J.: 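Dumping the structure here so I can ask a few things about it.
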Amino acid sequence: MTDFALNSSVGGERPIQPASRPNLDKGFNPLTMIIFFGVLAAGLLFVAYSIYVDVDATGTRVTTFLPYILLFVALLIALGFEFVNGFHDTANAVATVIYTHSLPAEVAVMWSGVFNFLGVLLSSGAVAFGIISLLPVELILQVGSSAGFAMVFALLIAAILWNLGTWYFGLPASSSHTLIGSIIGVGIANALMRGRDGTSGVDWSKATEIGYALLLSPLVGFVCAAVLLLVLKMIVRNPALYAAPEGNKAPPIWIRGLLILTCTGVSFAHGSNDGQKGMGLIMLILIGTVPTAYALNRTLPESMVAQFQKNSEAASRVIAAKGAGHNIIGDPRPAVTQYIALHHLNEGTYPSLAVLVKDVGDQVSRYGSLNKVPAEAVGNTRNDMYLTSEAIRFLMKDKENDLSKEEIATLNAYKASLDSATKFIPTWVKIAVAIALGLGTMIGWKRIVITVGEKIGKTHLTYAQGASAELVAAGTIFAADTFGLPVSTTHVLSSGVAGAMAANGSGLQVATIRNMVMAWVLTLPAAIMLSASLYVLFANLF
């Protein structure tokens with residue numbers, strides 16, 4: 001397809017040139033490639049140096065390099081996922097500016113890469129730990145074991161394989177959708193291997209919450225982009241906004257600025273949302289391989305540790321009162337773990353949790369601050385904190401909890417203190433993910449750009465259609481980021497383009513829409529089966 005539908009001339013006016021297909025085949029010059037590989041090498045060296053500094057700061061003596069070899073392999077796979085995510089998803093952000101001739105293709109992808117990078121760096125981290133909470137708690141507590149590594153490798157490799165497959169066929173499938181499916185597959189396989197019902201291996205309340213976000217985001221993209229285009233037509237009467245480009249001519253400056261702005265917003269939003277998924281998994285890897293440096297937030301100030309003690313004592317009183325009359329003999333952790341896995345309160349839940357809360361408070365009191373927790377105790381302290389935080393999270397959602405508003409507020413404050421000690425992301429992790437996602441944006445974007453730009457609608461993309469789709473995509477992703485929910489840039493943007501085409505009466509290419517819907521429907525079951533199979537394989541190999 002080289003040109004789109006010809007526009008006929010009217011009377012004696014100069015005939016309007018048909019919109020030309022943008023040049024997508026112009027390669028990067030050698031200097032660009034040198035810079036690309038230079039940044040890649042610098043990023044890897046920066047990661048290695050940061051880990052060395054963090055481990056050295058703990059005073060730990062390195063006696064074996066095996067954990068660091070495993071760490072290196074796992075980090076490469078995790079960063080590889082973000083790299084693939086970059087060229088798979090971000091093509092959606094640049095398609096509109098490329099097909100409206102607002103920016104040349106090579107400039108657009110580099111521009112998008114820069115703002116993906118900034119989006120990752122400035123992200124909150126809420127999405128990262130929302131993803132982690134889907135994983136089976138027993139595997140998170142044993143993330144440094146063979147089962148933990150089998151989990152991480154299975155879900156990451158499954159996600160990469162499906163992303164590469166859909167990218168090869170030019171299908172705008174969702175990386176978020178794929179990763180969620182991979183996590184669910186691992187959870188189901190783990191539960192079945194432990195002799196439990198497969199449905200017990202996943203936090204279905206959280207999965208449902210995320211599932212709604214993934215399910216509704218394409219519908220939001222389609223409807224909102226269509227409505228926005230119709231509203232624009234009523235408010236902004238300038239016909240230039242609703243025209244397709246003439247030949248290779250760039251749009252008027254104000255339209256060009258608007259399209260570049262929306263591309264920037266989508267790129268930044270994509271980085272802030274999608275980049276966090278890799279961060280959460282990298283933190284799991286670091287906790288499993290180098291717990292002395294990353295299991296606890298050793299940078300927590302003394303004032304926050306003091307607040308932790310205060311919140312711990314208040315929470316201990318609340319939970320102990322609920323468990324009054326019952327005594328626990330022995331280790332309380334199995335009972336708390338069982339509650340998290342089964343989500344069912346019994347007479348042992350409150351007293352077991354009360355003992356665990358007291359144990360955590362005693363550990364922090366004994367050492368005075370988190371950076372003084374000895375290496376041999378770090379993993380246990382972190383696991384106790386994580387277990388307590390997850391139990392309180394489920395307790396807050398449990399309809400049988402019989403807690404007052406004041407008691408819920410006390411427990412939430414305590415949970416926030418626990419999370420500040422265990423759910424943190426070092427700056428170097430953000431930088432590493434930002435580099436991987438940003439560089440990935442600059443590679444392999446062409447296949448999906450062609451699908452979005454040429455194969456969704458029957459006519460060439462107009463300026464208003466491109467701007468409507470991108471504004472809706474950026475707004476939806478920013479909103480999801482605020483609430484800690486992963487959404488699909490791919491689904492929102494491509495459905496937004498379809499909605500704008502439909503609202504304009506441009507017509508849709510049924511074959512493309514059918515393939516997109518099939519990829520959307522199949523991604524979750526395919527990722528579940530692929531990751532479950534890989535988990536069983538790796539669990540038996542490790």
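These numbers come from a predicted model, not from an experiment. Computed from heavy atoms alone, side chains included, the values below leave out hydrogens, waters and symmetry copies.
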J.: Mind checking the CD1-CZ spacing from I51 to F72? Nearest 0.5 Å is all I need.
T.: 9.5 Å
J.: Who are the side chain to side chain donor-acceptor pair (under 3.5 Å) partners of S272, not counting sequence neighbours?
T.: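 Result, side chain to side chain donor-acceptor pair (under 3.5 Å) vs S272: D481.
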J.: Are the side chain of N540 and the backbone N or O of V536 linked by a donor-acceptor pair below 3.5 Å?
T.: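 Answer holds: yes.
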J.: Keeping the roles fixed (side chain from E82, backbone from G278), state whether a donor-acceptor pair exists under 3.5 Å.
T.: yes
J.: Can you tell me which residue pairs pass the side-chain hydrogen bond (donor to acceptor under 3.5 Å, both in side chains) test with a partner in residues 527-539, sequence neighbours excluded?
T.: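 For residues 527-539: N190-Y535.
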J.: Is there a donor in the side chain of S267 and an acceptor in the side chain of W111, or the other way round, less than 3.5 Å apart?
T.: no
J.: Could you tell me whether the side chain of S420 reaches within less than 4.5 Å of the side chain of M304, counting heavy atoms only?
T.: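 Answer yes - side chains close enough.
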J.: Quick one, I183 and M151 - any side-chain contact, counting heavy atoms below 4.5 Å?
T.: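 Counting from C-beta outward, I183 and M151 never come under 4.5 Å.
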J.: Is the shortest heavy-atom distance from the side chain of I77 to the side chain of I160 under 4.5 Å?
T.: yes
J.: Are any non-hydrogen side-chain atoms of L353 and Y339 less than 4.5 angstrom apart?
T.: no
J.: Could you tell me whether the side chain of T410 reaches within less than 4.5 Å of the side chain of N311, counting heavy atoms only?
T.: no
J.: Rounded at 0.5 Å granularity, tell me how far CD1 in I180 sits from OG1 in T523.
T.: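 With rounding to 0.5 Å, CD1 (I180) is 12.5 Å from OG1 (T523).
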J.: Under 3.5 Å, side chain of R298 to main-chain N/O of T292, donor-acceptor pair present?
T.: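 Yes; judged by distance alone, with no hydrogens or angles, the pair exists.
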J.: Look only at the side chain of E407 and the backbone of S404, and say whether a donor-acceptor pair between them is shorter than 3.5 Å.
T.: yes
J.: As a quick check of understanding, evaluate side chain to side chain contact (heavy atoms under 4.5 Å, CB included) for V120 and D274, giving each step before the final call.
T.: CA-CA 8 Å; V120 177; D274 277 41; over 6 Å; no
J.: Could you walk me through whether Y414 and T388 pass the side chain to side chain contact (heavy atoms under 4.5 Å, CB included) check?
T.: CA-CA 10 Å; Y414 177 52; T388 305; 3.7 Å; yes
J.: Heavy atoms only: give me the nearest A532-G185 pair and the separation to one decimal.
T.: CB-O, 3.5 Å
J.: Is the shortest heavy-atom distance from the side chain of L345 to the side chain of L395 under 4.5 Å?
T.: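 Touching, per the 4.5 Å side-chain cut-off.
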J.: Could you pull out all residues at least two apart from F222 that satisfy ring-ring contact (aromatic ring centres under 6.0 Å, His included)?
T.: none
J.: K397 versus R393: any side-chain heavy-atom pair under 4.5 Å?
T.: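 A side-chain contact under 4.5 Å exists here.
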J.: Looking only at heavy atoms, what is the nearest atom pair of F308 and M385, with distance?
T.: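 Taking every non-hydrogen atom into account, CZ-CE, 3.9 Å.
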J.: Please enumerate all residues that pass side-chain contact (heavy atoms from CB on, under 4.5 Å) together with V492, with sequence neighbours excluded.
T.: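 V492 satisfies side-chain contact (heavy atoms from CB on, under 4.5 Å) with S217, A473, T476 once adjacent residues are dropped.
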J.: For A377 and Y367, work out which heavy atoms get closest and say how close.
T.: CB-OH, 3.8 Å
J.: Once you round to the nearest 0.5 Å, how far does CD1 of I157 lie from CG of L537?
T.: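 The distance works out to 9.5 Å.
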J.: For the atom pair CG (L541) and CZ (F149), what is the distance rounded to the nearest 0.5 Å?
T.: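 One gets 15.0 Å once the value is rounded to the nearest 0.5 Å.
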J.: For A57, which residues count as a side-chain contact (heavy atoms from CB on, under 4.5 Å) partner, sequence neighbours excluded?
T.: none
J.: Please list, chain by chain and in numerical order, all residues satisfying side chain to side chain donor-acceptor pair (under 3.5 Å) with Q363, sequence neighbours excluded.
T.: T381, D384
J.: What's the spacing between K430 NZ and F117 CZ if we round to 0.5 Å?
T.: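 The NZ atom of K430 sits 12.0 Å away from the CZ atom of F117.
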J.: Considering only residues two or more places apart or on different chains, which pairs with a residue in residues 351-361 satisfy salt bridge (Lys or Arg N to Asp or Glu O under 4.0 Å)?
T.: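 Every salt bridge (Lys or Arg N to Asp or Glu O under 4.0 Å) pair that includes a residue of residues 351-361, provided the two are not neighbours, is R333-D359, K358-D362.
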J.: Nearest 0.5 Å, please: how far is OG1 in T289 from CD1 in I69?
T.: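 Rounded to the nearest 0.5 Å, the CD1-OG1 separation comes to 12.0 Å.
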J.: Which atoms form the tightest heavy-atom contact between I392 and L411, and what is the distance?
T.: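 Shortest heavy-atom separation between I392 and L411 comes out as CG2-O, 3.9 Å.
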J.: Of all residues at least two apart in sequence or in a different chain, which pass the side chain to side chain donor-acceptor pair (under 3.5 Å) check with S316?
T.: none
J.: Keeping the roles fixed (side chain from K322, backbone from T349), state whether a donor-acceptor pair exists under 3.5 Å.
T.: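 It does not hold such a pair.
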J.: Once side chain to side chain donor-acceptor pair (under 3.5 Å) is applied, do any residues pair with S365, and if so which ones, sequence neighbours excluded?
T.: Q309
J.: For K415, check salt bridge (Lys or Arg N to Asp or Glu O under 4.0 Å) against everything at least two apart and list the hits.
T.: D419
J.: Search all heavy atoms of A158 against all heavy atoms of S182 and return the closest pair with its distance.
T.: CB-OG, 3.7 Å
J.: Sorted by first residue and then second, give each side-chain hydrogen bond (donor to acceptor under 3.5 Å, both in side chains) pair with at least one member in residues 39-56; sequence neighbours left out.
T.: D54-Y294, D54-W428
J.: Kindly give the heavy-atom pair with the smallest separation between T178 and A159, and that separation in Å.
T.: CG2-CA, 3.5 Å
J.: If you apply the rule side chain to side chain contact (heavy atoms under 4.5 Å, CB included), what do you find for V472 with V223, and how did you get there?
T.: CA-CA 10 Å; V472 168; V223 173; over 6 Å; no
J.: For a 4.5 angstrom cut-off between non-hydrogen side-chain atoms, does F153 reach V73?
T.: yes
J.: Could you give me the CA-CA distance, side-chain angles and deciding distance for V357 and S312, then say whether side chain to side chain contact (heavy atoms under 4.5 Å, CB included) is met?
T.: CA-CA 7 Å; V357 169; S312 176; 4.3 Å; yes
J.: Mind checking what makes ring-ring contact (aromatic ring centres under 6.0 Å, His included) contact with F538, not counting sequence neighbours?
T.: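 Per chain and number, F538 pairs via ring-ring contact (aromatic ring centres under 6.0 Å, His included) with F542.
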